[in-house]
Number of protein chains: 2
Amino acid sequence: MGRTRSSSPTISEVAAAAGVGRATAARTLGGYGYVSDEMRERVLASAEALGYRANQLARSVSTGVSHTIGVVVADISNPFFGGVVRGVSEIASARGFDALVISTYEHFEDEIAAMNVLVDKRVDGIILSSAACDPASTAHLQLARERGIPLVLLDRLIPGIELDAVVIDNRTAARTATGELIAAGHARIGFVWGPPTPARPSFRRDLVDAAARNLWSDGERLMGYLDALDDSGLPLDPDLVAVGEKTEAHTYDEVMRMLALADPPTAFFCTETDALTGTLHALRDSGVAIPSQASVIGFDDSSWAAVMEPPLTMVEQPMLDLGRRAAELLLGRIDGDGDGEEAPTQLELPARLIQRASVAPPR
Amino acid sequence: MGRTRSSSPTISEVAAAAGVGRATAARTLGGYGYVSDEMRERVLASAEALGYRANQLARSVSTGVSHTIGVVVADISNPFFGGVVRGVSEIASARGFDALVISTYEHFEDEIAAMNVLVDKRVDGIILSSAACDPASTAHLQLARERGIPLVLLDRLIPGIELDAVVIDNRTAARTATGELIAAGHARIGFVWGPPTPARPSFRRDLVDAAARNLWSDGERLMGYLDALDDSGLPLDPDLVAVGEKTEAHTYDEVMRMLALADPPTAFFCTETDALTGTLHALRDSGVAIPSQASVIGFDDSSWAAVMEPPLTMVEQPMLDLGRRAAELLLGRIDGDGDGEEAPTQLELPARLIQRASVAPPR
DNA sequence: CTGTTAGCGCATTCAA
DNA sequence: TTGAATGCGCTAACAG
């Protein structure tokens, strides 16, 4: 039975101490219903004296509202998600909601487990950055919907699934960044990384297929890269697309490979922080100067990028806004009392290219 | 009254469907007590059919255990805390606990609010990186203790308060880093930043006092800086200690000020990321080359530091371990069923100096 | 082993 | 207005 922690006074105790009925104490403490000023004073006084604090869990069981939202991201230690969660928390806490945050490290099983935990803990809504990229594997999302828990997708869409979502316009961002390189005169641009492909793709079709089978955002960035190439009538050289694991070490190897090509790239577009640092390491170890011998554009601006030598041109993602908008959308659904399956809202926020000094014409 | 979300089947419904008593269903679904295999099968079958999922909130109200821990940090978007929270989550989730994380942005009132929320939501334990530096302002910590909720301090101690805690050995780390600079031949070393002081301190005593009145970790780092100076019999020049806000912009101003001194510093020790980037910007804008004209050591290593030109010598904090150890300590207290006020455990993890290429003899 | 019966702490209906 | 009584979903003595 309910263990006796170091006891927390209950409503009954306060009522007793105040010499009033349970309900009266509950009403004043809960802030609802009618209570005479006199009774209220009495109750408040003894509540104060006893150090009463409402048990939100009990309240939730009774009301069906927990004032807690779940946030499941790939990795909270990744600055991108850190920013996103900050944005979510900002607006959620302003409205009295707290966040239960869970990292999945891109493991699909962990994502399923996370969804279950959140549903079981009866959160009022869930913000999810899913690792799923297959409309078939969405039973866990189904669960939340069935239970009437609003869900909004964050940063990553799941192709074929219509749900509320807030994402970045990855494709346009990649197209713009690649276009910037092309405008500077580059024709051979390394793409680090596109979505990991099983083996080195030989044809454009293989790449596009791979993109569709991977994380939505990665796929979009690859498509944007291809768009830019098309825009200028430039050919796609599969050798210039990195494949494999998403680690700094592997990225390093891929860039070294590209650098050893007969006709190596004269510019690199890196779609994530690890890809960027891996590329920078490879460039340095190869004695390739930036931007005189190779131009570079990275993704996910950070204060570090501006103090690099040279300052790096970067694509900046509005992480905070991404989180804020997702939270606003979710909270709207929550009090929207929405049984009515209203049409999904999908917001696409723009990413911004911050031009600094790592892009120059090829020599 | 309990709204009828999109209905979640309850134990009673499962029991009814299975044609057994409530308790029997509860026992098999709750995994306790005796149940015959036959009954169990029946119950499990209808639970499966109905898509039953235990309501953890109700369970918590009944058992007094929520399997949730609270984590309050200064700012989840700060990579340091992101790493810490990851460490905490790793070991917590492995033991079935989820984390409710709240950022305070160093606002004391927010810290108090956060503690209240966590207590009210009946978390089983709390990990706190407090902004308090005064043993007098600890009523909110008192609350948790009274309610029997284990609390472990993270990254920051509160002078005069004896509580479980896991921190970094900031003083030694700062002493080592400063010592590294001294060993290279520097005698005038800028400290960016020490704890913010009301006005520019004139004497050592003023600085030490200021240190005691500020965030514990900042104070410790200043003391480490002073220790190193003492170790080598070097004098303290208050002009070489940055004061004021903790922002990149302000840090920039302070470094510019130092650079304009008649006898400017030949090296800088920056105790936080913003301080480091601010310093780097100031150095660049002043045309001061690293390390030929000024040596630099920063705090909080990141993958960026290694790709800087030159690669930066940094103090690395074991963020993950900090979080892991704190979580282990907390979970230990939680199942330690500890009413018994056992002696507080205070762990001090070592920080590591990563030598790269931003330190050289003064010219 | 099983079902009945109480709680847990709070919300809420309803008669007084 | 107030208080008694019931319910939320689950745990857990207790008797059979």
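What you are looking at is a predicted structure, and each value in this text was computed from that prediction instead of being measured. In what follows, chains are A, B, ... by sequence order, proteins preceding strands, each numbered from 1.
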Exercise. Rounded to whole angstroms, how far apart are CZ on B:Arg53 and C1' on D:dG9?
Worked result: 16 Å
For this session: Taking atom types as modelled, find out whether B:Lys121 and A:Thr68 have a side-chain donor-acceptor pair closer than 3.5 angstrom.
Result: yes
Exercise. For C:dC10, does either OP1 or OP2 sit under 4.0 Å from a side-chain N or O belonging to A:Tyr52?
Worked result: yes
Problem set entry | Evaluation steps, salt bridge (charged side-chain N to carboxylate O under 4.0 Å, His left out), between B:Arg86 and B:Glu90 | CA-CA 6 Å; B:Arg86 171 172 174 158; B:Glu90 270 181 16; 3.3 Å; yes
For this session: Using a strict cut-off of less than 4.0 Å between a Lys/Arg side-chain nitrogen and an Asp/Glu carboxylate oxygen, indicate whether A:Glu106 and A:Arg156 qualify as a salt bridge.
Result: yes
Exercise. Would you say A:Arg59 reaches C:dA11's phosphate, i.e. side-chain N/O to OP1/OP2 under 4.0 Å?
Worked result: yes
Exercise. Rounded to the Å, how far apart are A:Leu57 CG and C:dC8 C1'?
Worked result: 11 Å
Exercise. Side-chain donor or acceptor of A:Ser62 under 3.5 Å from a matching atom on the base of D:dG7?
Worked result: yes
Seminar exercise, completed: Checking D:dA4, D:dG9, C:dC1 against the side chain of B:Ser36 (C-beta onward), the nearest is C:dC1
Exercise. For the side chain of A:Val61, counting heavy atoms from C-beta on, which of D:dC8, C:dC8, C:dA11 is nearest?
Worked result: D:dC8
Problem set entry | Value in whole Å for how far the P atom of D:dC10 lies from CZ of B:Arg22 | 10 Å
Seminar exercise, completed: Per atom distances to the A:Asn55 side chain, the nearest of C:dG9, C:dG3, C:dT2 is C:dG9
Exercise. Does any donor-acceptor pair link the side chain of B:Arg122 with the base of C:dG9 at a separation under 3.5 Å?
Worked result: no
For this session: From the options C:dT2, C:dT13, D:dT11, select the nucleotide whose nearest atom is closest to the side chain of B:Val35.
Result: C:dT2
For this session: Round to the nearest Å and state the distance from B:Arg27 atom CZ to D:dA13 atom C1'.
Result: 11 Å
Problem set entry | Nearest-angstrom distance from the residue atom CD of A:Glu13 to C1' of C:dC8 | 12 Å
Problem set entry | B:Ile11 side-chain proximity, nearest of D:dG9, D:dT11, D:dA13 | D:dT11
For this session: Please list, chain by chain and in numerical order, all residues satisfying salt bridge (Lys or Arg N to Asp or Glu O under 4.0 Å) with B:Glu38, sequence neighbours excluded.
Result: B:Arg42
For this session: Determine, stepwise, if the pair A:Met39 / A:Arg27 fulfils side chain to side chain contact (heavy atoms under 4.5 Å, CB included).
Result: CA-CA 10 Å; A:Met39 293 272 102; A:Arg27 273 190 290 261; over 6 Å; no
